A.B. asks: 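Below is one structure. I have some questions about it.
When reading the values below, keep in mind they use all heavy atoms of this one structure, side chains included, and skip hydrogens, waters and symmetry mates. Quick caveat: nothing in here was measured; it's all calculated off a predicted structure.
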Amino acid sequence: MPPTRDKRESGPRGRGRGAAAGPQIRRRNCYFCREKVEEVDYKNAAQLRRYISEKGKIRSRRITGACRRHQRQLAVAIKRAREMALLPYVSG
C-alpha cells in the first residue's frame, strides 16, 4: 500500500501556498452585493460604462468581479441602455 499524504501537504499537483505557487489571488466582491443593489438600473449610464470595454463590449464576470446574478442583470441593463441610445453599440 502506498504511503498516504496529509491533505494539507502540497504535492506535484497540489496547490501549496509556497513561493512557487505564485501570487495570492484576492477574491473580488460584487459591487452590487456590497451596496445591496436589488436591480441594476439601465438608466444609470455612468455606472454601466464601467462594465463595457473601450470597443463597447460587455466585460466578463472575471474582469468585473460581479456575481452571476448581477452580471446577468448588467448584461440586460447594458442592452436596454443601448436600445435607448444611452450607451453606444460600438466605439471606434
A.B. asks: For Cys67 and Cys33, work out which heavy atoms get closest and say how close.
C.D. replies: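 Looking at all heavy atoms of both residues, the shortest contact is SG-SG, 3.6 Å.
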A.B. asks: Please identify each residue that fulfils side-chain contact (heavy atoms from CB on, under 4.5 Å) with Ser91, with sequence neighbours left out.
C.D. replies: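 By the side-chain contact (heavy atoms from CB on, under 4.5 Å) rule, Ser91 matches Pro88.
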A.B. asks: Nearest 0.5 Å, what's the CD1-CG distance between Ile58 and Leu48?
C.D. replies: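 Answer for the CD1-CG pair, Ile58 versus Leu48, is 9.5 Å.
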A.B. asks: With sequence neighbours left out, which residue pairs that include part of residues 39-49 fulfil the salt bridge (charged side-chain N to carboxylate O under 4.0 Å, His left out) condition?
C.D. replies: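 Sorted result for residues 39-49: empty, none.
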A.B. asks: Side-chain polar contacts of residues 69-81 - donor-acceptor pairs under 3.5 angstrom, sequence neighbours left out - could you list them?
C.D. replies:
residue	atom	partner	partner atom	Å
Arg69	NH2	Glu38	O	3.2
Arg69	NH2	Glu38	OE1	3.4
His70	NE2	Val37	O	2.9
Gln71	OE1	Thr64	OG1	3.0
Gln71	NE2	Arg59	O	2.9
Gln73	OE1	Val40	N	3.2
Gln73	NE2	Glu38	O	3.3

A.B. asks: Members other than Leu86 in its cluster, when Ile, Leu, Val, Met, Phe, Trp, Tyr link by side-chain heavy atoms under 4.5 Å?
C.D. replies: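 Leu86 clusters with Tyr42, Met84.
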A.B. asks: Should we say atom CZ of Arg50 is surrounded by more than 12 heavy atoms from elsewhere, each under 6.0 Å from it?
C.D. replies: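 Check passes, neighbour count above 12.
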A.B. asks: Given side-chain contact (heavy atoms from CB on, under 4.5 Å), test Tyr89 with Glu83 step by step and report yes or no.
C.D. replies: CA-CA 9 Å; Tyr89 280 98; Glu83 277 287 314; 3.0 Å; yes
A.B. asks: When you measure from the side chain of Arg82 to the backbone of Leu87, do you find a donor-acceptor pair of N or O atoms at a distance under 3.5 Å?
C.D. replies: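 Not confirmed, Arg82 side chain does not pair with Leu87 backbone.
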